[in-house]
Amino acid sequence: MRLVSPLLKRVVYPAMRRAGWLDHTMPPGGYAVVNYHGVFPAGYSDGEEFLDGGLVQPLDLRRQLQFLKSHYRVIAPEDFRAWIEQGKPLPPRSVLVTCDDGLLNILTDMLPVLQDESVPCLFFVTSASCSEDPGMLWYEELYHLMQDQPLSGLDSQLPIEIGAEFNSPENLQARWWSVVRRASQLNAEARVDWMTAVRTHCGPAPARPEKRWRLLNIRELKKLSEAGMSIGAHPRTHPVLSLCSDEEARREIQECKIEIEGALGRPVWAFAYPFGNPSTMGGREMLLARQAGFSCAFLNVEHWPGQGFNRFALPRTHVTTDMTLPEFAAHLSGVHTRLRRAVGA
Ligand SMILES: [Zn+2]
């Protein structure tokens with residue numbers, strides 16, 4: 001796929017788009033779900049290329065929303081809910097817009113674009129956004145801390161990585177992901193304590209642009225909800241769920257629902273799995289989402305191996321910074337997944 005991807009991105013998809021094929025291909029199941037992780041706030045420049053890959057420029061968001069409005073039927077989250085819960089049919093070529101994590105920039109820089117384009121969105125937030133002082137996503141803060149200096153043995157306090165070779169990966173990203181997986185095996189309270197020890201070891205962090213990195217606090221979450229946007233649940237603390245104990249995975253999925261419902265005073269019917277791919281979750285998490293009382297749950301991938309329709313494993317197109325409009329169209333229409341399967345990637 002390494003050689004195929006640039007070819008698809010630069011040659012095949014633009015040609016298919018020019019020929020009009022991507023604009024009218026029916027997505028699998030007749031509907032599509034788009035997933036964002038926020039936008040770059042105005043004035044943000046000191047980029048962190050690796051972690052920034054999941055955000056988009058506000059202008060790209062606007063173009064993508066305009067594409068959706070021209071070629072799909074953008075539906076409200078409540079329409080999607082009525083389909084899932086009551087079987088009320090969706091219009092052909094329906095598309096639902098979603099966004100994970102609850103970064104502050106969704107209120108300051110994403111919401112104005114959504115409102116300008118009259119596009120509703122289903123935002124998935126963690127329990128951190130039910131508090132006054134939510135901080136950053138712990139695994140993003142950890143990446144910054146590891147970038148600044150080595151953990152000097154603090155990682156040896158963590159459980160060993162399940163199923164991994166016992167070796168130390170060379171590059172920072174692989175080392176970081178290994179530590180994220182190991183820290184995900186701690187319960188939430190022990191992980192908070194461990195992160196406090198890492199912060200103390202690393203010393204004061206340089207100031208980072210708040211709108212890029214901080215999560216919404218409870219007042220800001222309420223503003224988003226009052227602006228007419230729908231709120232769903234991400235887990236309590238965003239670990240790799242498949243590495244949590246049964247009890248901790250249950251808490252992560254069930255308690256975020258209770259906490260967000262308590263904070264907003266309205267039912268939370270949808271869940272989005274953290275990381276949301278086959279290496280971070282599976283059947284246990286789907287069952288827990290059902291048992292927690294959600295009506296449905298979303299993946300962060302377009303295809304789940306060997307799976308037909310399952311309302312607790314709903315595929316989504318994960319939009320990335322470098323995604324061109326023809327690529328966006330190819331992903332939404334299902335053409336990308338079909339081509340990948342055709343070449344065995
Ligand atoms: Zn997330």
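Both counts, for ligands and for their atoms, begin at 1 and track the order of listing. Quick caveat, the model's predicted, so the values are computed rather than measured.
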### Query
By side chain to side chain donor-acceptor pair (under 3.5 Å), which residues pair with Asn105, not counting sequence neighbours?
none

### Query
Are a donor atom and an acceptor atom from the side chains of Asp109 and Tyr44 found within less than 3.5 Å of each other?
no

### Query
Is it the case that Lys257 places NZ or CZ above or below the six-membered ring of Phe294, under 6.0 angstrom from the centre and within 45 degrees of the axis?
yes

### Pairwise salt bridge (charged side-chain N to carboxylate O under 4.0 Å, His left out) hits with a residue in residues 264-291, at least two apart
Asp246-Arg284

### Message
Could you enumerate the protein N, O or S atoms under 2.8 Å from the Zn ion (ligand 1), written like residue then atom name?
### Response
Asp101 OD1, His234 NE2, His238 NE2

Atom pairs and distances, side-chain donor-acceptor, residues 74-81, under 3.5 Å, sequence neighbours left out:
unit_1 : atom_1 : unit_2 : atom_2 : d
Asp79  : OD2    : Ala76  : N      : 3.4
Arg81  : NE     : Glu85  : OE1    : 3.3
Arg81  : NE     : Glu85  : OE2    : 3.0

### Query
If two hydrophobic side chains count as joined below 4.5 Å and joins carry through other members, does Leu325 share a cluster with Met323?
yes

